Amino acid sequence: MYRKFLNARSPLRLLEKGLHGGLGPGNLGIVVGGPGVGKASFLVGVALDELLRSGRVLHVSMAHPVSHIRDHYDTVFEDLAASAHLEDEALVHVDIDRNRSIRVYPKNELTPAKLREAVKVESEASGQPSMLLIEGLDFETTSREDLADFKALAGELAAEIWMSVSYSKEQIPELPASVERVEDLVSVALALEPGDDVVLLRALKDHDNPDLTELHVALDPKTLLLTRH
Amino acid sequence: MIHDLTTIRNIGISAHIDSGKTTLTERILFYTGRIHAIHEVKGKDDVGATMDSMELERERGITIQSAATHTIWDGYHINIIDTPGHVDFTIEVERALRVLDGAVLVLCGVAGVQSQSMTVDRQMRRYKVPRMAFINKLDRSGANPVRVTEQLCEKLNHNAVLMQLPIGLEAKFEGVIDLVTMKAIYFEGDSGEHVVTNEIPEELRDEAEIARESMLDAVSMFSDELMEAILEETVTEELIHDAVRNGTLSMDLTPVFLGSAYKNKGVQKLLDAVKRYLPSPLDGENTGVDLSNDEAPLTLASDPNKPTVALAFKLEDGRYGQLTYVRVYQGELKKGATIINSRTKRKHKVGRLVRMHADSMEDIASSSAGDIVALFGIDCASGDTFTDESVQISMTSMHVPDPVISIAIKPVDNKTVDNMGKALGRFVREDPTFRSRVDPESNETVISGMGELHLEVYVERMKREYGCEVETGAPQVAYRETISQRSDFNYTHKKQTGGSGQFGRVGGRIEPMEDGGEDFEFVSEIKGASIPTEYIPAVEKGFVQCMAKGRLIGFPVIGIKVVVDDGKSHSVDSSEMAFQAAGRGAFREAYGRAKPIVPEPVMKLEVEGPVDHQGAILKTIMQRRGTVIGTTESSGMARTESEVPLSEMFGYATDLRSMTQGTAEFTMEFARYLPAPAEVQKELKEKFSSKIVDE
């Protein structure tokens with residue numbers, strides 16, 4: 001299969017449909033889930049989709065070392081390429097590696113100012129990112145000003161920012177308190193919850209649409225791939 | 001012979017260059033009575049540290065070759081395996097790690113955890129070596145042991161716990177507070193040889209109490225008894241020692257000790273800690289493979305009564321002749337006994353068995369499992385296993401990477417040609433990542449290894465130890481050729497020039513090995529006897545001949561599967577020669593159509609520098625066709641991991657220095673082969689075809 005078919009068939013298209021067009025540039029999206037449910041795999045899945053569509057991704061983490069994140073990408077990409085019988089896999093892989101940067105910070109040390117600085121350095125060296133992932137940010141203790149500033153950065157870059165948000169339990173309430181207080185800043189909120197044999201994705205917030213639709217997207221915990229459900 | 005294995009400690013002292021590793025080793029030998037005077041590294045007094053027995057090392061102030069030395073502290077036998085610090089000598093580091101039971105990670109109290117420490121630490125983790133840390137150079141200005149301990153946790157992911165507190169720092173560094181005994185320890189006398197215990201100075205009392213509490217907190221995780229004792233306030237020193245030992249052995253805890261080897265402070269307490277916390281040979285598990293049972297893995301027992309298994313991990317041409325350092329893993333090694341080399345199957349008689357001190361030796365009659373000793377006059381390669389004749393066991397073969405860089409060398413003076421041969425012969429035996437060959441076309445001697453510095457060191461050793469100065473050519477990267485798609489062949493070799501003719505036809509296909517494998521596979525699917533069975537090896541030989549030198553850029557061809565499924569022979573004119581020629585012809589026919597490509601060696605490069613300079617650092621990587629994997633920022637420093645083609649890395653040190661005003665440093669090791677981009681491939685191709693035209 002060729003790259004463009006792979007993109008057209010990606011479950012992420014289904015997600016976009018369910019979200020009335022997806023997250024959209026300049027917006028902040030969050031994925032909420034309990035410990036170990038697969039938030040990082042969701043982020044990697046979203047990032048690979050962006051990379052396969054020739055975007056640039058900056059993956060910022062306060063949770064894992066660089067080598068670990070890179071291995072995660074490699075594993076998911078190899079599974080994806082194998083499941084789709086991707087042509088020219090090696091070349092696509094090289095291309096993806098070149099368009100993705102990983103940056104790791106110690107716990108609680110990422111500030112909007114630091115992220116701005118990082119984006120500047122990365123942009124000068126290799127190009128401006130079209131998507132930013134932030135993993136391991138303590139959402140509860142992050143101030144409203146900082147979140148607003150992260151969102152402003154998304155606007156300046158016309159990029160999407162996805163963040164993972166940890167929740168202490170497996171089942172997620174309608175909107176966790178830590179999110180509710182900054183609801184106006186978050187455009188899309190998704191919940192990841194363990195189902196029978198897959199991890200299900202559920203919309204908690206979809207821009208300003210009052211009716212939340214079923215997303216029909218899940219995460220396969222065996223392959224770490226996003227799938228249709 | 002040492003009977004009680006629990007009193008043996010085989011340890012490595014591992015560190016970044018300039019962390020003071022050699023000075024520390026030297027002090028250890030001094031306090032344990034093995035040497036009687038202290039010399040400074042870097043030849044400040046022209047004698048040099050005892051461990052650095054090679055002149056080159058003396059001059060550079062670094063230790064390149066690992067040597068094992070034996071010493072005794074408080075009734076415990078400590079074998080110190082001195083490991084080289086530079087990553088270009090990785091094979092030596094890894095081989096030394098293999099034979100260690102535990103290690104001391106030496107860190108500079110000022111510079112802290114540097115990128116080299118990370119490489120070494122990663123290797124230790126891979127070989128499951130329990131370790132403790134010694135933060136050295138606390139007398140230097142800017143020393144901060146608390147920060148270095150934090151770095152151990154953050155950068156190296158250790159659960160590092162301070163077991164001591166410093167009394168004063170920098171110029172005022174006087175001694176340490178032992179948080180287990182809650183006493184102040186001072187090191188008095190001209191060389192710090194008198195350890196004096198005293199009460200903790202009043203002004204440090206509170207700080208020490210707090211530090212002890214957090215130490216107990218961390219350590220009690222490894223002992224239920226200690227946890228109970230803390231609750232009941234019946235903590236004893238013994239309980240703490242046991243808990244620290246448990247945590248260290250399981251690699252879940254890294255106890256941290258402090259001192260300044262140069263100022264003779266803290267070393268004796270470190271030795272006490274080695275004795276208490278690091279494993280004996282009985283604590284670890286060692287495995288080998290059973291050669292008589294299809295290389296099935298088996299666990300070796302540190303039991304002197306079982307059959308002998310010993311690993312030669314280091315060869316040295318000392319002033320006393322060839323020395324082979326071995327670790328006995330099982331059974332006993334006795335003077336006069338016969339041992340057999342598992343690889344060559346050759347028998348050897350153990351003539352002399354010695355225990356090595358840094359530069360002298362002691363003859364012994366036997367040595368048992370767990371010990372490290374040296375043999376004389378045994379011809380073998382490093383990495384060989386010796387057993388008694390009753391078993392066929394090999395220690396798991398260690399992964400030896402292929403060299404990635406070569407240079408041609410030529411003696412300046414023709415009289416030294418013999419010496420060059422001798423030197424090369426020895427280097428090749430000592431270091432499996434170093435190779436030497438004579439190029440049949442240019443008649444030049446070509447040496448290959450794992451990096452520029454690796455080869456430079458050998459060129460210098462040739463000059464110093466063998467009086468043979470050589471001119472070196474331009475470094476040559478080890479490119480490869482492989483194919484990217486399947487291609488069919490159907491080739492007939494036919495010659496009819498009087499006398500008996502030659503005839504052979506082969507049909508089939510070549511295709512890339514699955515999963516990017518680098519091997520060569522030859523499969524015959526001939527049915528009937530279209531090619532007589534006796535000629536099939538000749539066909540294979542024809543292919544193999546062509547693969548030694550590819551037709552694209554003249555480098556070895558790898559990763560090809562050849563399937564022969566058709567052919568024809570002639571009852572009179574077919575011969576082995578004819579089918580060899582047919583194989584060569586078939587390869588030529590199919591190769592061009594199989595879209596050959598050029599894999600090039602790619603290095604993993606880690607650069608660390610101040611955050612302010614990371615723009616410049618990224619630039620040096622991008623300019624070199626590098627791919628940035630990621631950057632880790634912490635405490636004002638940024639460490640960037642990337643992959644860069646080796647061919648672009650020449651002169652990197654100079655370039656990085658000038659781009660960052662000398663504030664950044666880097667380490668590099670071979671990562672993998674990746675296809676070179678089209679423009680590079682084209683350039684290599686042009687170079688190759690112009691060379692052919694020249695000839």
Side-chain angles (χ1 to χ4, degrees), chain A residues 44 47 51 56-74 77-78 81-82 87-111 113-127 129 133 135-136, chain B residues 118-119 122 125 150-151 153-157 482 484-485 512 514-516 559 595 597 599 602 604 606 608-609 611-645 671-678:
Chain A
V44 168
L51 289 164
R56 266 201 76 82
V57 172
L58 176 60
H59 187 134
V60 180
S61 177
M62 280 155 285
H64 303 291
V66 168
S67 54
H68 182 117
I69 298 168
R70 193 224 189 169
D71 288 349
H72 201 153
Y73 272 91
D74 285 352
F77 174 76
E78 277 156 25
E87 303 275 324
D88 286 333
E89 182 186 332
L91 290 177
V92 176
H93 201 158
V94 168
D95 197 39
I96 281 177
D97 282 349
R98 288 187 167 277
N99 285 305
R100 177 204 62 219
S101 314
I102 300 167
R103 290 192 83 84
V104 171
Y105 294 84
K107 271 243 158 311
N108 304 327
E109 275 198 17
L110 183 74
T111 58
K114 270 200 180 160
L115 186 60
R116 259 205 181 78
E117 181 59 34
V119 166
K120 192 172 152 238
V121 171
E122 297 285 349
S123 300
E124 276 166 14
S126 39
L133 306 177
E135 190 188 2
Chain B
M118 296 183 203
T119 313
R122 209 168 41 228
R125 200 169 297 235
E150 279 167 12
Q151 287 179 350
C153 299
E154 280 167 16
K155 292 193 181 180
L156 301 183
N157 247 330
T482 191
S484 55
Q485 68 181 36
E514 271 170 38
D515 297 327
K595 275 205 197 161
I597 51 170
V602 172
K604 175 166 188 203
E606 283 190 34
E608 179 162 25
V611 168
D612 307 344
H613 284 292
Q614 54 173 323
I617 291 172
L618 287 179
K619 212 163 154 192
T620 64
I621 296 167
M622 302 315 281
Q623 279 167 350
R624 295 179 145 73
R625 292 198 280 123
T627 302
V628 173
I629 298 163
T631 302
T632 308
E633 251 190 74
S634 96
S635 344
M637 299 292 276
R639 187 175 83 251
T640 300
E641 294 164 44
S642 61
E643 288 187 342
V644 187
R672 54 185 175 151
Y673 272 94
L674 277 181

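Remember, it's a predicted structure, so these values are computed and weren't measured experimentally. Lettering follows sequence order; numbering is per chain, from 1.
Considering only heavy-atom pairs separated by less than 4.5 Å from chain A, the leading option among B:M622, B:Q614, B:K619 is B:Q614.
Counting only heavy atoms from C-beta outward, the side chains of A:V66 and B:I629 approach each other to under 4.5 Å.
Annotation for A:K114: atom NZ counts as buried by contact number, over 12 foreign heavy atoms lying within 6.0 Å.
Residues B:R625 and A:R98 come closest through the heavy atom pair O-NH2, 3.5 Å.
Contacts between A:R70 and chain B at a heavy-atom distance below 4.5 Å involve the side chain alone, from C-beta outward. Contacts between B:E641 and chain A at a heavy-atom distance below 4.5 Å involve the side chain alone, from C-beta outward.
Here the CD-CD distance, from B:E154 to A:E109, works out to 7.0 Å after rounding to the nearest 0.5 Å.
Every residue two or more places apart in sequence or in another chain that forms a side chain to side chain contact (heavy atoms under 4.5 Å, CB included) with A:K120 is listed here: A:E124.
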